[in-house]
Participant: 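Please find one structure pasted underneath; my questions will follow.
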Amino acid sequence: METKSEILDFILGLSTDVERKSTLQLALEQARHLIGYDNAQGINRCCFETRNIEAIINEMKDFCSDESCLLGALTFYLIALDCLGCIFVKSKGNDRITKLLEEFDIECFKDLSSKKAVQNLRDSLCHNFGLANRSNKYVLCYDNGGNNDIFGMIPKAEKTDWSDKQIEHQTVINVFQLCRAFEDTISVIIRKYKEGIITSNIENDELKARFTILFSH
């Protein structure tokens with residue numbers, strides 16, 4: 001694993017190693033486990049609600065609540081997107097996910113408000129596992145009345161921040177649709193990489209140090 005293409009193949013899950021693990025793949029593995037991802041069916045509420053069947057049958061008591069799994073899945077997906085932003089996008093700020101969605105022109109996130117909503121969600125969840133910051137407050141929903149929109153944007157009041165107790169939320173997240181959109185985004189990036197359209201400007205040693213980890217057994 002010495003050339004850049006070999007390192008990127010490994011980070012993106014296109015190859016494996018006995019001792020080394022891709023931190024990006026570890027994040028995706030955890031996200032998919034928590035959301036109940038199924039290779040055949042993808043992401044849907046049925047897969048999510050049956051993810052604990054084996055634990056229930058075996059009377060295991062350590063499975064997580066729906067709420068913690070949803071927040072955990074979103075967090076790990078956002079970590080994965082943040083990693084991809086670091087690898088493939090030139091951005092020195094903390095808006096790597098916004099830049100990633102802009103640069104790859106992801107269909108699910110065409111408008112600027114949805115890109116910013118994802119970035120603000122990342123800033124909320126990955127900093128304190130919450131759903132509020134000064135720009136946005138969120139509520140999660142399982143099914144937005146049959147509407148397939150990822151976000152339900154609620155018009156802002158003239159003055160709105162985390163201390164405004166009059167506004168319950170500004171952004172409704174259709175969580176399963178959002179996770180599907182994350183999977184679509186990751187697929188687009190990996191496809192462009194495999195087609196030779198994109199690569200990373202990060203040096204090989206830095207890629208290995210930041211996005212892979214060695215395990216000693």
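Only heavy atoms go into these numbers, but all of them, side chains included; no hydrogens, no water, no symmetry mates.
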Participant: Under the 3.5 angstrom rule, does the side chain of K137 hit a backbone N or O of A132 as a donor-acceptor pair?
Facilitator: no
Participant: Checking side-chain contact (heavy atoms from CB on, under 4.5 Å) against L8, which of T3, T199, I190, I198 comes through?
Facilitator: T199
Participant: Measuring from atom CG of L81 to atom CG of L24, what distance do you get when rounded to the nearest 0.5 angstrom?
Facilitator: 9.0 Å
Participant: Write down the atom of A31, the atom of F76, and the distance for their closest heavy-atom approach.
Facilitator: CB-CB, 3.6 Å
Participant: Crowded around K194 NZ? As in, over 12 foreign heavy atoms under 6.0 Å?
Facilitator: no
Participant: Compare all side-chain heavy atoms of K99 with those of R96 and state whether any distance is below 4.5 angstrom.
Facilitator: no
Participant: Would you check if K21 and L214 make a side-chain contact, meaning some heavy-atom pair closer than 4.5 Å?
Facilitator: no
Participant: I'd like to know whether L78 forms a side chain to side chain contact (heavy atoms under 4.5 Å, CB included) with V118, so could you lay out the CA-CA distance, the side-chain angles of the two residues, the decisive distance to 0.1 Å, and finally the verdict.
Facilitator: CA-CA 8 Å; L78 289 163; V118 174; 3.9 Å; yes
Participant: Can you label the angle between the F88 ring and the F104 ring as parallel, tilted or perpendicular, going by 30° and 60°?
Facilitator: perpendicular
Participant: As an exercise, state the distance from CZ of F151 to CG of N174, rounded to the nearest 0.5 Å.
Facilitator: 10.0 Å
Participant: Does L26 reach the side chain of I213, with side-chain heavy atoms less than 4.5 Å apart?
Facilitator: yes
Participant: With a 4.5 Å limit on heavy-atom distance, are the side chains of E6 and D9 in contact?
Facilitator: no
Participant: Does a side-chain heavy-atom distance below 4.5 Å link F211 with L12?
Facilitator: no
Participant: Could you tell me which non-hydrogen atom of S200 sits nearest to which non-hydrogen atom of I87, and how far apart they are?
Facilitator: OG-O, 2.7 Å
Participant: Would you say D184 and I106 make side-chain contact, with heavy atoms under 4.5 Å?
Facilitator: no
Participant: Can you name the closest pair of heavy atoms from S124 and Y138 and give their distance?
Facilitator: OG-CE1, 4.4 Å
Participant: To the nearest 0.5 Å, what is the distance between CD1 on I97 and OH on Y77?
Facilitator: 13.5 Å
Participant: At what distance, to the nearest 0.5 angstrom, does CG of D66 lie from CG of L71?
Facilitator: 11.0 Å
Participant: Would you call E206 and R210 a salt bridge, taking side-chain N to carboxylate O under 4.0 Å as the test?
Facilitator: yes
Participant: Going from CD1 on I150 to OG1 on T171, what distance comes out if it is rounded to the nearest 0.5 angstrom?
Facilitator: 12.5 Å
Participant: Tell me, do I35 and L70 make a side-chain contact under 4.5 Å, heavy atoms counted?
Facilitator: yes
Participant: Could you give me the CA-CA distance, side-chain angles and deciding distance for F48 and C69, then say whether side chain to side chain contact (heavy atoms under 4.5 Å, CB included) is met?
Facilitator: CA-CA 9 Å; F48 175 73; C69 284; 3.9 Å; yes
Participant: Give a yes or no on this: more than 12 heavy atoms of other residues, nucleotides or ligands lie within 6.0 Å of atom CG of N128.
Facilitator: yes
Participant: What heavy-atom pair brings G13 and Q25 nearest, and what distance separates the two atoms?
Facilitator: N-NE2, 3.4 Å
Participant: Hey, could you give me the CG/CD1 distance between L207 and I11, rounded to the nearest 0.5 Å?
Facilitator: 4.5 Å
Participant: Hey, does K116 have a side-chain heavy atom less than 4.5 Å from the side chain of D95?
Facilitator: no
Participant: Before accepting this row, confirm whether a basic side-chain N of the pair E183/R32 lies closer than 4.0 Å to the acidic partner's carboxylate O.
Facilitator: yes
